[in-house]
J.: 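Let me begin by handing over the structure; questions about it come next.
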Amino acid sequence: MQDKFLKPYNSQETESKIYKLWEDSGFFNPDNLPPRHKEKYSIMLPPPNVTGILHMGHALTLTIEDIMIRYQRMRGKKTLWVPGTDHAAIATQSRVEKDIKKKEDKSRYDLGREELLKRIGVFVKQSHDTIISQSKVMGASLDWSREAFTMDEKRNLAVRTVFKKMYDDGLIYRGFRIVNWDPKGQTTISDEEIVYEERPAKFYTFKYSKDFPISISTTRPETKVGDTAVAVHPDDTRYQKYIGKEYDTVFCGVKIHIKIIADESVDKEFGTGALGVTPAHSMIDWEIGEKNKLPVVQVIDEKARMMVGGENIFGKKVAEAREIIVEWLKSEGLLEKEEEIKQNVSTAERTGGIIEPLPKLQWFVAVNKSFNIERSNIKGVQSGQETTLKELMENAVKNGQINVIPDYVNKTYFHWIHTLRDWCISRQIWYGHRIPVWYKDKEIYCGIEAPKESGWTQDEDTLDTWFSSGLWTFSTLGWPEKTKDLSFYHPTDVLESGYDLIFFWIARMILMSTYVLGDIPFKHVYFHGMVRNPKGQKISKSLGDNIDPVDISKKFGTDALRMALVIGNTPGTDTRWSDDKVKAYKNFANKIWNITRFILESTKEEKYIPNFDNFSDADKKLIDERNNFVADITKDMEEFRFYMAGEKIYHYAWHTFADIILEDSKKVFVTENADETSKTSRKQFLLSTLRTILIILHPFMPFITEEIWQSINEDKSILMIEKWPI
RNA sequence: GGACGAUUAGCUCAGUUGGUUAGAGCAUACGAUUCACAUUCGUAAGGUCACUGGUUCGAAUCCAGUAUCGUCCACCA
């Protein structure tokens, strides 16, 4: 027996050494696996944003996926797990901009496009390296030889190719429409990037002028200088006589022309039952305006300042203009009511800026537009059939081709698809994939490469970061090239992530894969719960309760950390972080260590005999129990119940094997009248059961199990690719 | 406003889809132990499975309703 077993298990000394052993073996790369690994099994790691360091959520993803991969590898699958990072356009750029603002008091416009991108490049490199080393600490058996980045050359080619294809199919269009404008980040954002904050607000009721017949209500009087209509419900008897009439009036010094229109969407009961329509600055008003062909008058600019009116309001920020206009309403005697209400304010997820809806010329993906799909493996959609992106997204899940765990989440998914609007994909930031469109006079050219002749200027905008993330399952495998990897490993087997990414990412991957390849991107979606702080709150930078997985690993060992993350974490349900839990699993690691020590001490010269069959009746019974136990664990693993398998292994190893069987063995070994046959039988049973425990525990606690395996086996076998029992 | 989820031991959570006496970890109490264990082992205490009704031979589990908490979506202007 080696001396190290005389001391408690030391994770720090072990882990980096073992990780190196695995890396050197080459078995992270499926190409190097022995011939018994035939059937493919693939997972694409959700690429972490290159905005900083990994947190517990990433640690959890790495753990669960590593468990899946290690299990399948031991079962004989040819396992591919691809790592990568996401350029996270807005998140990364705003992060770097903030740093520069703080340190040098300069804006991106002071630096210019080229210089800013250079600075971002440096930041991204650092962030990337940190992320990689953290992932290795977690024990992740990722194939580093296939690492990808959402903005490297291959992925950029994939992005341009898809853009062109969608453009040619008429699914990407450029349109003048109302968009979510973030005045702080100076860019548009998608509907999904909005977060709502509840704030108190005032709800004002007033008339535009003394001679105007109808009162209206709003929380934003400053936008009313851009009104072009008042809408009432067609059945509203109070206002029917005005429908169709037009009025010229002056509102706070600004001439406005108002048409009274009838629209079903107006709620008779709300406010005065009459709605001042501002097509340029409200999503709903824009839609009413489109239906009724109303003129669009923009009164607020990109910096959220007033762009009309006299000195009193011109150039003022919207909040200031609001107060000034309310004062004006009061002084004119036009204000009829002022109520305190709660309002949901839309803010930009990344910058916190208050969203200003603005009409702008932008690029969109049309989700409801029909096109002919060339080739389809999607159930319910035939090759050559006319379909829409929405239909593809719906069918892939509806017909069970993609299995969602937990299954109730697909209700949320369908609901989201149902309300989905065209996706605004152009961003006015500099870090990201440049839109592959060029302009020359009134001509437009969309291509994978720039046009050869001179005189063309490329579109200034970049793409929503999720456009490239949406291609992740196949862009990582080399698409648009027809690679062997692509045909062998796609569709992938599992997509595992937090449920917060369902719309941003999961849905977009389904959209892209079904559209581009006519195939699903993955067979199963596994949503883990979010890791929360001990009080059950979301862990956030603002609370300052970030926990670095690397610190925990140093203190308790990665194996303990992994167990603490997985056990008790059921799909879709959040879990609370607690150091006590990790401590308990650190003790468990030590227990496994001591079990080994005891067995080595009590078997001594007895060597493990692989196909030993001269077991005593008592041991035969224990073997039956053990086999049942392993079968049970295997079933749990197959059915994605890792949280349960982990706990059962813990329980079997500690409270059945150690507490009962090892205690009982002491009697067997000590009793003088016990015959040699039953002693040998018991020794062989202990040696083989230790091996079994190491194997099935390996996906969960890879380091300590491999370390022990290396110590008890004289052949140079590696536990990571050992055969799973059964 | 809509959808979804949760409610089980002091705390954090399981309960594999209807089947004996409802489980684990941590915490608690008592005892043992230097004989593998920077301890560990044993024993105990602790539950009206949110509430009300229903289906069933049988319900923590299925159905209907109520309450509380949480998440997501919509955004009433």
Side-chain angles (χ1 to χ4, degrees), chain A residues 1 5-10 191-192 194-196 198 201 203-205 216-221 223-224 227 230-231 263 265-267 269-278 281-285 288 341-346 406-416 418-420 499-500 502-503 529-530 532 534 536-538 563-564 567-570 572-581 583-602 632 635-636 638-641 643-648 650-651 654-655 658-660 662-663 665-666 670:
Chain A
M1 188 176 70
F5 287 108
L6 298 173
K7 290 181 290 181
Y9 173 62
N10 186 328
D191 296 342
E192 284 68 40
I194 292 178
V195 285
Y196 293 98
E198 200 179 81
F203 190 54
Y204 305 99
T205 302
I216 54 159
S217 303
T218 185
T219 52
R220 299 197 59 191
T223 63
K224 299 288 109 181
D227 280 12
V230 165
D263 196 290
S265 65
V266 178
D267 181 353
E269 309 302 321
F270 188 81
T272 62
L275 160 65
V277 186
T278 325
H281 299 289
S282 153
M283 293 286 169
I284 297 213
D285 293 11
I288 295 176
I341 59 159
K342 274 185 182 169
Q343 193 193 22
N344 275 330
V345 179
S346 338
D407 58 357
Y408 61 77
V409 175
N410 58 26
K411 287 181 193 164
T412 318
Y413 175 78
F414 292 132
H415 181 256
W416 180 80
H418 193 68
T419 60
L420 185 62
Y499 54 76
D500 54 336
I502 179 167
F503 307 134
M530 314 297 284
R532 294 173 169 271
Q537 300 157 313
K538 217 170 172 176
M563 286 292 268
I567 293 177
N569 192 323
T570 48
T573 307
D574 295 347
T575 54
R576 295 181 192 206
W577 176 262
S578 88
D579 277 6
D580 283 349
K581 213 169 154 188
K583 215 170 129 189
Y585 293 114
K586 187 196 155 143
N587 287 346
F588 178 57
N590 202 46
K591 189 75 185 179
I592 295 292
W593 195 249
N594 275 296
I595 287 171
T596 308
R597 176 179 167 182
F598 174 80
I599 292 173
L600 293 178
E601 275 176 351
S602 50
D632 193 29
K635 193 162 176 263
D636 285 339
E638 288 295 323
E639 292 168 9
F640 297 96
R641 289 188 297 269
Y643 54 97
M644 199 174 284
E647 196 175 329
K648 282 177 184 168
Y650 172 92
H651 201 261
W654 199 317
H655 301 297
D659 290 351
I660 299 171
L662 292 194
E663 288 304 323
S665 303
K666 288 176 188 170
V670 167

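Protein chains get the first letters and strands the later ones, always in sequence-line order, with residue 1 at the start of each. Predicted model only: the values in this text are computed from it and were never measured.
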J.: Whole angstroms only, please: what is the NE2-P distance between A/H651 and B/rA24?
T.: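 Rounded to whole Å, this separation is 6 Å.
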J.: If you look at every strand shown and take non-hydrogen atoms under 4.0 Å, does A/T575 touch a base, only sugar-phosphate, or nothing?
T.: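 The residue A/T575 makes no contact with any strand.
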J.: Mind checking A/I284 for me? I need base, sugar-phosphate or nothing, with any heavy atom below 4.0 Å counting as a touch.
T.: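 Sugar-phosphate, no base atom in range.
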J.: A/D659 and A/W654: side chain to side chain contact (heavy atoms under 4.5 Å, CB included), yes or no, with the steps?
T.: CA-CA 6 Å; A/D659 290 351; A/W654 199 317; 3.8 Å; yes
J.: Under 4.0 Å: is that the gap between some side-chain N or O of A/K583 and OP1 or OP2 of B/rG25?
T.: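 Result: no.
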J.: Using whole Å, report how far NZ of A/K342 lies from C1' of B/rG1.
T.: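 About 16 Å, once rounded to whole Å.
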J.: May I have the distance from A/K411 (atom NZ) to B/rA6 (atom P), rounded to whole angstrom?
T.: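 Value for this atom pair: 10 Å.
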J.: Go ahead and name the base partner of B/rU71; Watson-Crick or wobble counts if both distances stay under 3.5 Å, otherwise write none.
T.: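 By the stated definition (distances under 3.5 Å), B/rA3 pairs with B/rU71.
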J.: Between B/rA77, B/rC4, B/rA36, spot the one nearest the side chain of A/I595, thanks.
T.: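 Comparing B/rA77, B/rC4, B/rA36 against the side chain of A/I595, the answer is B/rA36.
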J.: Can you tell me the distance, in whole Å, between the CZ atom of A/F503 and the C1' atom of B/rA74?
T.: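 Between C1' of B/rA74 and CZ of A/F503: 12 Å.
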J.: So how far is it from A/Y204 OH to A/R220 CZ, rounded to the nearest 0.5 Å?
T.: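 The distance works out to 12.5 Å.
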J.: Given the side-chain rings of A/Y413 and A/F503, with only the six-membered ring counted for Trp, is the space between their centroids under 6.0 Å?
T.: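 No, the ring of A/Y413 stays outside the 6.0 Å limit from the ring of A/F503, centre to centre.
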J.: When you measure from the side-chain N and O atoms of A/R576 to the phosphate of B/rU12, is any distance below 4.0 Å, counting only OP1 and OP2?
T.: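 Answer yes for this pair, as a side-chain N or O of A/R576 is under 4.0 Å from OP1 or OP2.
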J.: Is the base of B/rA36 touched by the side chain of A/E663 through a donor-acceptor pair closer than 3.5 angstrom?
T.: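 Flag set: donor-acceptor pair detected.
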J.: Are there over 12 heavy-atom neighbours, none belonging to A/H655, within less than 6.0 Å of that residue's NE2?
T.: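 Result for NE2/A/H655: enclosed.
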J.: What is the pairing partner of B/rC26, taking Watson-Crick or G-U wobble pairs with both distances under 3.5 Å in any strand?
T.: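 Across all strands, the one nucleotide that pairs with B/rC26 is B/rG10.
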J.: Scan every strand shown for a Watson-Crick or G-U wobble partner of B/rA64, both distances under 3.5 Å, and answer none if you come up empty.
T.: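 The answer is B/rU52, by the H-bond criterion.
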J.: B/rC75, B/rA38, B/rC26: which one has an atom nearest the side-chain heavy atoms of A/N344?
T.: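 Shortest atom-to-atom distance from the side chain points to B/rC75.
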J.: Remember a base hit wins even if backbone is also touched, and classify A/L662 as base, sugar-phosphate or nothing at under 4.0 Å, heavy atoms.
T.: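 A/L662: base contact, heavy atoms under 4.0 Å.
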J.: Could you walk me through whether A/D263 and A/S265 pass the side-chain hydrogen bond (donor to acceptor under 3.5 Å, both in side chains) test, one step at a time?
T.: CA-CA 5 Å; A/D263 196 290; A/S265 65; 2.6 Å; yes
J.: Ignoring the backbone of A/H415, work out which of B/rA77, B/rC73, B/rC41 is nearest its side chain.
T.: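 Closest nucleotide to the A/H415 side chain: B/rC73.
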J.: Could you tell me whether the phosphate oxygens of B/rC13, OP1 or OP2, come under 4.0 Å of any side-chain nitrogen or oxygen in A/N569?
T.: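 For B/rC13, OP1/OP2 do not have a side-chain N/O of A/N569 under 4.0 Å.
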J.: Please identify each residue that fulfils side-chain contact (heavy atoms from CB on, under 4.5 Å) with A/K583, with sequence neighbours left out.
T.: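 Listed in chain order: A/F556.
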J.: Return the nucleotide paired to B/rU20: Watson-Crick means purine N1 to pyrimidine N3 with N6-O4 or O6-N4, wobble means G-U with N1-O2 and O6-N3, both under 3.5 Å.
T.: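 With both distances under 3.5 Å required, B/rU20 matches none.
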J.: What's the CG-C1' distance between A/N587 and B/rC41, to the nearest Å?
T.: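 In whole Å, B/rC41 C1' and A/N587 CG are 14 Å from each other.
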J.: Taking atom C1' in both B/rU21 and B/rG5, compute the distance separating them and give it to the nearest angstrom.
T.: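 That atom pair is separated by 31 Å.
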J.: Counting only side-chain N and O atoms of A/H655, is one of them less than 4.0 Å from OP1 or OP2 of B/rG42?
T.: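 A/H655 to B/rG42 OP1/OP2: no side-chain N or O under 4.0 Å.
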J.: For B/rG47, give the paired nucleotide (Watson-Crick: N1-N3 plus N6-O4 or O6-N4; G-U: N1-O2 and O6-N3; both under 3.5 Å), or none.
T.: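 Paired with no nucleotide.
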J.: Looking at every strand, decide which applies to A/S346 at a 4.0 Å heavy-atom threshold: base, sugar-phosphate, or nothing.
T.: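 No contact.
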J.: Let's test this: given Watson-Crick or G-U wobble pairing with both distances under 3.5 Å, identify the partner of B/rG58.
T.: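 Partner of B/rG58: none.
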J.: Of the candidate nucleotides B/rA36, B/rC73, B/rC26, which contains the atom at the shortest distance from the side chain of A/A584?
T.: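 That would be B/rC26.
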J.: Over all strands shown, is A/T218 touching base, sugar-phosphate only, or nothing at heavy-atom distances under 4.0 angstrom?
T.: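 It contacts sugar-phosphate atoms only.
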J.: With the side chain of A/D267 defined as its heavy atoms from C-beta on, choose the nearest nucleotide among B/rA36, B/rA77, B/rU16.
T.: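 Among B/rA36, B/rA77, B/rU16, the one nearest the side chain of A/D267 is B/rA77.
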J.: Is A/Q343 close enough to B/rA77 that one of its side-chain N or O atoms is under 4.0 Å from OP1 or OP2 there?
T.: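 Affirmative; the distance criterion is met.
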J.: Starting at CZ of A/R220 and ending at C1' of B/rA77, how long is that distance when rounded to a whole Å?
T.: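 These atoms are roughly 11 Å apart.
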J.: With a non-hydrogen cut-off below 4.0 angstrom, is A/K586 in contact with a base, only sugar-phosphate, or nothing?
T.: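 A/K586: no heavy atom of the nucleic acid under 4.0 Å.
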J.: Can you tell me how far apart OG1 (A/T272) and CD1 (A/I216) are? Round to the nearest 0.5 Å.
T.: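 A/T272 OG1 to A/I216 CD1: 7.5 Å, rounded to 0.5 Å.
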J.: Between P on B/rA24 and CH2 on A/W654, what's the gap in Å once rounded to a whole number?
T.: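 Rounded to the whole Å, the gap is 15 Å.
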J.: Could you identify the nucleotide paired to B/rA77, looking across every strand shown and requiring Watson-Crick or G-U wobble geometry with both distances under 3.5 Å?
T.: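 B/rA77 is paired with nothing.
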J.: Tell me the interatomic distance from A/D659, atom CG, to B/rA24, atom P, rounded to whole angstroms.
T.: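 To the nearest whole Å, that distance equals 13 Å.
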J.: Considering every strand and a 4.0 Å limit on heavy-atom distances, what is the contact class for A/A658: base, sugar-phosphate, or nothing?
T.: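 The residue A/A658 makes base contact.
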J.: Taking OP1 and OP2 of B/rG15, is either one under 4.0 Å from a side-chain nitrogen or oxygen of A/Y643?
T.: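 Yes, A/Y643 has a side-chain N/O under 4.0 Å of OP1/OP2 on B/rG15.
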J.: Of A/I660 and A/Y585, whose nearest nucleotide on RNA chain B comes first from the 5' end?
T.: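 Result of the comparison: A/Y585.
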J.: Of the nucleotides B/rA36, B/rA38, B/rA24, which one has an atom closest to the side chain of A/N590?
T.: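 For A/N590, the side-chain atoms sit closest to B/rA38.
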J.: Could you check if a side-chain atom of A/I567 sits within less than 4.5 angstrom of a side-chain atom of A/Y585, using non-hydrogen atoms only?
T.: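 SC-SC contact between A/I567 and A/Y585 confirmed.
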J.: For A/D574 and for A/F203, locate the closest nucleotide of RNA chain B by heavy-atom distance; then report the residue assigned to the nucleotide nearer the 5' terminus.
T.: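 Of the two residues, A/D574 wins.
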J.: Given B/rC75, is OP1 or OP2 found less than 4.0 Å from the side-chain N or O atoms of A/Y196?
T.: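 Yes.
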J.: From B/rA14, B/rU16, B/rU40, pick the nucleotide closest to the side chain of A/T570?
T.: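 Within the option list, the nearest is B/rA14.
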J.: Hey, what do you get for CE (A/M644) to NZ (A/K635), rounding to the nearest 0.5 Å?
T.: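 Those atoms lie 10.5 Å apart.
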J.: Suppose we define a pair by two distances each less than 3.5 Å, Watson-Crick or G-U wobble; what does B/rC41 pair with here?
T.: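 Across all strands, the one nucleotide that pairs with B/rC41 is B/rG31.
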